[in-house]
Amino acid sequence: MNKHIEVVKKWLNDPDSVSQKELRHNADDSLDTARAAWTARWGLTDYAFSAAWAAAAFDPADAAYWVEEYEELS
């Protein structure tokens with residue numbers, strides 16, 4: 001499982017369990033991971049990036065969408 005998705009899922013299940021700072025760190029870290037993968041090809045890390053950034057923006061609907069997309073493909 002992708003560590004960025006795990007943080008987003010934890011936040012979706014209990015918004016108080018992950019701080020805003022942790023969400024932003026997760027989003028930044030996922031961006032670094034996505035950029036590294038982007039040169040190779042579009043892949044699951046991009047879904048993790050999207051989920052992490054949606055969570056950092058406090059958008060549970062969008063975050064849940066990207067988690068579902070990730071899990072369908074993995």
Side-chain angles (χ1 to χ4, degrees):
M1 179 55 72
N2 183 287
K3 68 181 181 178
H4 308 295
I5 290 291
E6 290 302 315
V7 172
V8 174
K9 287 172 63 175
K10 181 178 177 184
W11 174 74
L12 286 170
N13 287 329
D14 179 7
D16 294 329
S17 68
V18 182
S19 71
Q20 182 178 13
K21 183 178 180 179
E22 290 172 300
L23 289 173
R24 295 208 188 279
H25 176 74
N26 186 53
D28 288 342
D29 190 33
S30 73
L31 178 58
D32 293 340
T33 302
R35 283 180 177 155
W38 186 260
T39 57
R41 67 173 185 34
W42 174 264
L44 292 175
T45 56
D46 297 302
Y47 292 112
F49 161 77
S50 297
W53 274 94
F58 300 103
D59 187 345
D62 197 33
Y65 169 81
W66 288 110
V67 167
E68 184 177 325
E69 290 294 308
Y70 175 88
E71 290 183 337
E72 285 180 10
L73 293 174
S74 62

Legend entry - Test item: Glu22 and Val7 side chains (from C-beta on) under 4.5 Å apart, heavy atoms: no
Inset, instruction - Mind listing the closest non-hydrogen atom pair of Ala27 and Ser30 along with its distance? - result: O-OG, 2.8 Å
Inset, instruction - Would you give the length of the straight line joining atom CD of Gln20 to atom CH2 of Trp11, rounded to the nearest 0.5 angstrom? - result: 11.0 Å
Inset, instruction - List the atom of Ala54, the atom of Asp62, and the distance in Å for their closest heavy-atom pair. - result: CB-OD2, 3.6 Å
Legend entry - Flag side-chain contact, heavy atom, 4.5 Å: Trp53 against Asp28: yes
Inset, instruction - Work out which heavy atom in His4 is nearest to a heavy atom in Ala52; give both atom names and the distance. - result: CB-CB, 4.4 Å
Legend entry - Contact summary for Ala56 and Arg24, nearest pair of heavy atoms: O-NH1, 3.6 Å
Legend entry - Least distance between heavy atoms, Ala51 atom then Val8 atom: O-CG2, 3.4 Å
Inset, instruction - Identify whether the distance between the nearest side-chain nitrogen and carboxylate oxygen of Lys9 and Glu71 falls below 4.0 Å. - result: yes
Legend entry - Smallest separation among heavy atoms of Ala55 and Leu23, with atom names: O-CD1, 3.5 Å
Inset, instruction - Measure the spacing between OG of Ser50 and OH of Tyr65 and express it to the nearest 0.5 Å. - result: 9.0 Å
